[in-house]
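If you're wondering where the values come from, they're calculated on a predicted model, not measured in any experiment.
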Amino acid sequence: MSNHLIQSGTHQPTKISPLTLAVQLALTCLATQTTFAADSELSSASTLQTITLQAEGNWLENANAEKVQKHAGARTIIDRKRLDEVAATSIKDALKQVPGVQVQESNGTGGSDVSLNIGVRGLTSRLSPRSTVLLDGVPLSFAPYGQPQLSLAPVSLGNIESVDVVRGAGSVRFGPQNVGGIINFTTRAIPKDFAGNVSLTTEYASGTDQTKLSPSFFIGGTLDNGLGLALLYSGTKGYAYREANNKTDIDDVMLKTAYQITDADAVALNLHHYEGRGEMPEGLTAAQYAENPYQSNQSRSYFAGRRSDVSLRYTHQDEQNNFELLTYYIDSFRTSDLETNQVDKNKNPIKRLDNAPRDYQVFAIEPRFSRAYSIGNAQSEVTVGYRYMNEDSSEFSGRTEYAVNTLPGKFLARTSSNGGTEAHAFYIDNRFDLGKWVITPGVRFESIDTHNNFSAYKSGNLLNTVNPSIQSDEWLPSLAIMYKATDNWNIFANAGVSFGPQQYNQLATTNSKTGIAISTLDGLSPEKSNNYEIGTKYLGNGLNAEFTAFYLDFDKELILERDALQNGYWTDLGATSHKGVELGLAYDFGQLVDALDGFKIYSNYTFTKAVAKAGDFKDKDIPFYSRHTANLGLSYAIDQWTVNADMFAQSKQHSPGSTDIYQTEESTDGKNGDIPGYSTFAVRTAYDFGEQFRGLKIGGGIKNVFDKQYFTRSTDSTGGKYVGQPRTFYLQTSFEF
């Protein structure tokens with residue numbers, strides 16, 4: 001594999017990997033095979049059999065169980081009905097239902113409902129940097145190339161119709177951060193007839209006097225002239241389960257419009273605005289946690305942000321062609337204050353406050369064309385696409401110190417930067433349906449030009465400025481194969497290359513001793529991974545099952561470390577491997593006997609082994625993931641009642657630190673050491689009053705029924721031990737009109 005970095009105008013020849021050559025060879029062989037098939041068919045008959053063709057186009061659109069079954073890779077969709085069954089009250093709850101996905105409890109600088117911390121197949125969970133996360137096909141991150149972290153995750157559960165998690169065979173069409181797959185949140189669709197819904201979820205954590213409210217509202221319909229309109233709102237208000245500094249205030253609103261111009265042509269315009277603020281209680285030392293794990297002694301740490309975006313989509317679909325043009329503009333802002341305990345030169349206790357406001361703007365345009373065609377009896381679909389993206393970023397870091405009983409003063413600049421990215425992505429794939437075989441080779445080419453003008457300051461005075469820039473040209477091939485054993489049973493395998501370009505804060509940093517700005521181009525490089533899957537799926541007769549074995553091979557993986565002053569810096573973790581198996585299962589016992597009608601079971605299990613392949617921690621587990629995770633749920637519906645019981649479990653994790661010793665014993669500051677595994681149980685019951693009460697539904701339940709106390713750790717500037725969610729009671733009410 002090769003990473004071709006071009007700095008200061010120096011060009012290097014582009015190399016083609018063996019997988020790229022394999023894909024090209026597959027395309028050639030398949031074209032030859034289908035041509036021979038066509039010649040044979042023409043020689044045996046004067047006319048071809050009529051074949052009905054339909055271009056699928058964007059396979060993220062209108063996702064359902066049948067589309068998942070036909071996808072030649074690991075993929076899971078959690079729809080609104082399933083979300084209701086498992087009593088999901090947050091995006092985190094929803095993603096815990098997906099095999100291979102691990103959700104990190106709120107902690108550190110990702111310690112509020114404003115952020116999202118998910119890792120796929122052992123990849124880092126902190127702020128979800130290695131998955132392409134989308135909302136109706138539009139990226140959720142501040143800047144997909146230069147700042148992919150979701151410290152601000154502008155998505156709320158009340159507006160979501162389904163969650164589509166593609167863990168493999170998606171790297172050609174989507175990116176750039178796709179080694180952890182593609183996660184697409186689909187918002188509620190505009191209904192054909194006028195309809196609306198109002199709902200409220202109330203949560204109360206046992207042992208506290210604090211509540212959290214999650215209201216949502218939806219109204220929409222389609223006029224006689226074909227114009228569809230829908231207004232969506234979802235929010236979160238109130239407090240979590242720590243004793244102080246844990247208030248959340250989120251508002252998420254979207255206006256969706258759609259117009260059917262002709263039978264084949266449609267246009268849709270979405271306007272979206274999100275604002276969120278979440279207070280962040282600090283991590284506790286080992287002694288503080290032993291005294292009271294729910295305490296919080298800081299009062300000024302918070303994270304806040306807002307995002308406004310507009311997207312315009314034009315589609316044309318006829319019997320053989322599917323064309324889509326998507327363009328969007330995103331304007332986002334985030335800021336944070338992080339309060340930590342320090343000592344001055346005389347060893348007197350003081351407070352330190354770090355501030356980090358940042359602005360980002362993103363513009364993109366993505367045309368994509370698909371055409372269904374046949375050669376002989378072979379049905380195929382070719383898709384070509386292009387994306388142009390332009391990013392601008394402005395980042396600032398300031399710091400002030402103050403005595404314990406005084407107010408903070410003026411923030412003095414520490415660093416500032418102005419970065420940008422211009423990226424072009426081209427891709428082509430072709431699905432060949434050859435009897436029971438479906439073979440899809442494809443290749444994506446990324447051309448990325450990123451720069452960052454980075455300045456360092458001392459006591460607010462400019463020290464120096466560096467101007468690193470990098471160009472990356474990468475070929476990313478893939479090959480997916482599916483065998484349709486029966487109408488209900490498929491077997492698949494795929495291989496692909498995923499790529500993560502360097503981010504703005506990976507291009508430059510400050511020297512920990514002198515404080516001057518330095519370029520890190522010589523020390524860091526973009527990330528690249530070879531990804532492999534083999535698995536099988538079954539759908540039918542009341543059973544929905546999937547089994548996948550996966551292997552991710554990183555040449556280099558980057559990790560965020562902390563120096564003695566708790567300044568963050570990126571370093572090469574080195575080569576890593578992630579391997580394991582995923583199992584998903586759902587069964588409706590009503591298919592066996594009528595007496596069990598309404599009784600269902602659903603479960604998933606994932607085994608992951610993610611280890612370093614080089615360095616001091618060679619063959620050791622990488623930080624903050626569990627080798628074993630599992631869910632098991634039972635659901636029973638009778639008349640208008642529904643009852644659910646659910647279990648979640650994960651095995652231990654590691655926080656080994658950054659010294660030469662892989663630390664398993666707990667450190668006094670609570671940041672390092674092993675994290676024990678745990679399991680929790682939840683129950684829920686709901687009643688649907690039906691049409692006589694105009695769609696009124698009421699449900700209630702308990703999370704962590706047995707009040708299991710568990711914790712995680714954080715190693716960032718507000719790190720330490722963080723207690724998990726205690727026993728929590730909740731009430732859900734909804735009214736449809």
Side-chain donor-acceptor pair present, [X], [Y], cut-off under 3.5 Å:
X: Arg713; Y: Thr715; result: no
X: Gln725; Y: Glu105; result: no
X: Lys351; Y: Thr400; result: no
X: Glu395; Y: Asn452; result: no
X: Ser603; Y: Asn631; result: no
X: Arg167; Y: Thr76; result: yes
X: Tyr602; Y: Asp646; result: yes
X: Glu546; Y: Thr536; result: no
X: Lys703; Y: Thr89; result: yes
X: Thr109; Y: Arg126; result: yes
X: Asp113; Y: Thr236; result: no
X: Gln653; Y: Ser626; result: yes
X: Glu279; Y: Asn246; result: no
X: His628; Y: Tyr605; result: yes

Electrostatic pair Asp354:Arg399 at N-O distance under 4.0 angstrom:
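Counted as a salt bridge, because a side-chain N and a carboxylate O are separated by less than 4.0 Å.
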Of Gln177, Gln149, Glu527, the residue whose pairing with Arg130 passes side chain to side chain donor-acceptor pair (under 3.5 Å):
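Answer to the side chain to side chain donor-acceptor pair (under 3.5 Å) test with Arg130 among Gln177, Gln149, Glu527: Glu527.
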Identify which one of Asn531, Asn530, Asp553 satisfies the side-chain contact (heavy atoms from CB on, under 4.5 Å) criterion when paired with Val497.
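One option only clears the test, and that one is Asn530.
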Could you go through Phe142 and Arg334, starting from their C-alpha distance and side-chain angles, then the distance that decides it, and tell me whether this counts as side chain to side chain contact (heavy atoms under 4.5 Å, CB included)?
CA-CA 9 Å; Phe142 297 110; Arg334 55 138 289 183; 3.6 Å; yes
Check: [X] side chain, [Y] main-chain N or O, donor-acceptor pair, under 3.5 Å:
X: Tyr504; Y: Ala508; answer: no
X: Ser115; Y: Gly110; answer: yes
X: Thr629; Y: Gln650; answer: no
X: Asn245; Y: Ser301; answer: yes
X: Asp707; Y: Arg727; answer: yes

With a 4.5 Å cut-off on side-chain heavy atoms, are Pro349 and Gln342 touching?
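Not touching, per the 4.5 Å side-chain cut-off.
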Is there a side-chain contact between Gln102 and Arg121, using heavy atoms and a 4.5 Å cut-off?
no
Could Lys212 and Tyr239 be counted as a cation-pi pair, given that NZ or CZ must be under 6.0 Å from the ring centre and within 45° of the axis?
no
Relative to Tyr289, does Lys721 satisfy both conditions: NZ or CZ under 6.0 angstrom from the six-membered ring centre, and within 45 degrees of the ring's axis?
yes
So Tyr662 and Phe617, would you call those rings parallel, tilted or perpendicular, with 30° and 60° as cut-offs?
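Ring orientation of Tyr662 relative to Phe617: perpendicular.
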Might you point out which heavy atoms bring [X] and [Y] nearest each other, and give the distance in Å?
X: Ala456; Y: Gly515; value: CB-O, 3.4 Å
X: Arg75; Y: Asp164; value: NH2-OD2, 2.6 Å
X: Tyr625; Y: Ala610; value: OH-N, 2.8 Å

Does the side chain to side chain contact (heavy atoms under 4.5 Å, CB included) test come out yes or no for Tyr302 and Met280, once each step is laid out?
CA-CA 5 Å; Tyr302 74 91; Met280 298 187 297; 5.6 Å; no
May I ask you to check whether Tyr722 and Phe711 place their ring centres under 6.0 Å from each other?
no
I want to know whether Tyr532 and Phe550 have ring centres closer than 6.0 Å.
no
How about Ile601: does its CD1 atom have over 12 heavy atoms from other parts shown lying under 6.0 Å from it?
yes
So Ile91 and Leu95, side chain to side chain contact (heavy atoms under 4.5 Å, CB included) or not? Walk me through it.
CA-CA 6 Å; Ile91 294 294; Leu95 290 169; 3.9 Å; yes
Please assess Thr340 against Arg352 for the test side chain to side chain contact (heavy atoms under 4.5 Å, CB included), listing each intermediate value before the final yes or no.
CA-CA 5 Å; Thr340 55; Arg352 188 176 75 192; 3.8 Å; yes
